[in-house]
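When a residue number appears, it is its place in the shown sequence, counting from 1.
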Amino acid sequence: MKFLQVWTDFYRGGRGALVLLVGALVLAACQSSAPMPGPYIPPTRPAPQPQPQPGGQTPTPAPEPIGPGGLVPPHMEGRNLVRIGLLLPFGAQSAALRDEARSMLNAAQMALFEANDPRLVLIPKDTGGTAEGAQSAASAAIKDGAVVILGPVLGRAVSAAAGPAARARIPMIAFSTDRSVAGNGVYLLSFLPEADIERMLAFIAKRNQQAFESLSALRPDATQPVKDTTIRALALLRPDNPYGDRIEEALFSQTANLGLFITDIARYGRDSQTMSAPARQIAHVEERNKAVKAWEEAGGFGDPGLDPEFAFSLPYQAIFIPESGVRLRSLAPLLPIYGVDPKITQFIGTSLWNDEELLREPALFGGWFPAPNAKDRGAFVQDYEALFSEKPGRLASLAHDGLSLIPQSLTGGRDGLEVDFGKIESPLGYLGADGLFRFGKDGQVERLLSVYEIRPGRFKEIDPAPAQFLDEDETTDQGAF
């Protein structure tokens with residue numbers, strides 16, 4: 001594999017072991033309430049160990065010197081260094097958050113070796129998963145000479161760390177989905193729910209246009225019936241939390257210009273036992289039952305859905321379900337139980353649906369969702385698993401892509417190399433593990449996503465991600481890694 005070759009060449013050239021040693025010493029110097037995982041060391045060559053001295057004592061490595069420009073590992077003296085602060089919640093109370101931080105550190109180191117740039121120095125710092133910890137970690141990274149900060153993850157931590165970064169006039173590429181913390185030198189690399197909604201509505205609009213063209217091409221005397229597959233009205237079955245609020249707001253703000261409208265909204269609580277009543281509401285169970293009773297009294301029998309005289313239909317053609325994991329697998333089967341047939345009504349999700357566990361839920365078969373194109377994402381996952389013998393965490397690719405764009409954003413500053421804000425905002429964008437992306441001046445990320453359909457045992461790409469951003473006349477290799 002290409003990445004493994006880069007790693008091997010870098011290591012054989014003597015630089016790999018040196019950078020790994022730097023990583024180990026930097027990690028050891030970090031103050032944390034919980035130990036942070038060290039960098040990956042290839043098993044073909046163990047890291048050098050301190051040798052016992054006369055008297056049986058093992059020497060303790062000396063702390064890295066802090067020069068006028070920041071931390072200077074001894075073997076890197078004389079180089080024009082680019083120090084990168086990586087702020088992650090290694091010592092968070094949540095075990096899941098700690099695991100995610102470890103996976104993100106692995107991915108950042110993976111990108112470091114892919115870059116094969118001997119000027120780069122990665123300086124991990126523990127935020128502890130708190131705002132106070134993030135502020136302290138940012139200040140410590142800046143004291144060590146960081147010219148750019150990657151992280152933190154949580155919105156409140158990003159807000160706290162933004163102060164020291166702004167005072168030092170260095171950019172911060174963070175991993176939160178909280179749009180309120182973006183801008184003024186803070187860039188959000190995460191997947192934003194508004195972008196998911198924009199991609200799916202654009203797909204619906206394109207599909208509707210194709211359906212209209214097919215219908216208009218029919219001759220007036222055509223005998224072959226054609227099914228109307230257009231989607232004109234939408235329903236929303238959403239969690240009663242801030243994520244659900246943002247999905248609802250995005251739907252209302254983006255549907256008006258597309259000739260779509262929303263007929264139903266139902267909210268459910270955190271407990272899965274609260275899902276039944278909203279599912280019944282969105283399925284119009286009471287109205288359906290009344291229509292069935294009237295149909296039976298009029299002499300109807302058998303399946304009312306097959307009788308054109310049955311006077312009931314849902315007021316929408318598609319339903320958005322912005323949920324994930326176990327909660328989604330609990331919620332989705334309720335809809336067919338209450339009469340919402342996924343073969344008739346289109347189920348639509350967000351990027352949260354990009355989860356192989358959902359391939360075992362029949363109620364979601366045929367459902368659509370947006371996600372990065374499979375080729376780029378698959379290559380990243382394959383390389384990560386080969387190096388670390390485990391699957392990457394959900395946010396690992398963000399740390400990888402954040403570090404990977406840094407070498408392309410460098411410029412010569414008065415006191416050495418620094419990361420240029422204008423280059424970060426390149427309209428050409430960057431090609432990363434999650435496909436093409438770029439940052440706007442507001443600090444928010446724009447991504448080019450594919451649309452997938454859930455099939456038994458696999459995700460089928462039904463609308464590939466565009467090859468370039470729409471306002472660019474042509475693609476070039478500039479600004480892509």
Side-chain angles (χ1 to χ4, degrees), residues 2-3 5-30 38-42 47 63-88 104-125 138 140-151 165 168-173 185 187 189 399-424 426 430-432 477-481:
K2 180 179 178 182
F3 169 71
Q5 185 65 44
V6 170
W7 180 292
T8 303
D9 292 345
F10 193 54
Y11 187 83
R12 287 175 178 170
R15 291 170 289 175
L18 292 176
V19 176
L20 287 172
L21 180 58
V22 171
L25 292 175
V26 171
L27 286 170
C30 295
Y40 174 79
I41 299 176
E64 299 289 354
I66 304 295
L71 183 146
V72 184
H75 70 281
M76 301 182 79
E77 290 181 0
R79 297 183 190 176
N80 202 358
L81 300 181
V82 179
R83 302 170 183 86
I84 304 166
L86 179 63
L87 277 53
L88 294 174
M104 295 176 78
L105 175 60
N106 287 344
Q109 291 177 105
M110 178 174 160
L112 182 71
F113 281 89
E114 286 176 338
N116 196 13
D117 189 332
R119 301 171 301 174
L120 303 182
V121 181
L122 184 62
I123 308 176
K125 298 289 183 182
I142 292 168
K143 182 179 179 181
D144 286 344
V147 297
V148 60
I149 288 176
L150 298 181
R169 297 185 178 182
I170 65 173
M172 184 163 68
I173 301 172
Y187 301 91
L189 190 53
H400 173 277
D401 290 357
L403 192 141
S404 296
L405 69 83
I406 290 172
Q408 299 171 80
S409 304
L410 296 174
T411 188
R414 182 180 59 186
D415 300 320
L417 288 171
E418 59 186 32
V419 176
D420 186 276
F421 289 87
K423 290 186 177 181
I424 289 179
S426 168
Y430 302 89
L431 177 61
D477 292 333
Q478 182 181 358
F481 55 81

Kindly indicate whether the side chain of [X], heavy atoms from C-beta on, has any atom under 4.5 Å from the side chain of [Y].
X	Y	answer
Glu114	His400	yes
Leu150	Leu88	no
Glu418	Thr411	yes
Leu122	Leu105	yes
Leu410	Val419	yes

Search all heavy atoms of [X] against all heavy atoms of [Y] and return the closest pair with its distance.
X	Y	value
Ala141	Gly85	CB-CA, 4.1 Å
Asp117	Pro407	OD2-CB, 4.3 Å
Ala399	Met104	CB-O, 3.3 Å
Ile149	Ala138	CD1-CB, 4.0 Å
Ala115	Leu120	CB-CD1, 3.9 Å
Pro171	Tyr187	CB-CE1, 4.2 Å

From [X] [atom1] over to [Y] [atom2], what is the distance, rounded to the nearest 0.5 angstrom?
X	Y	atom1	atom2	value
Ile84	Ile170	CD1	CD1	11.0 Å
Ile173	Leu87	CD1	CG	12.5 Å
Leu86	Gln109	CG	CD	9.0 Å

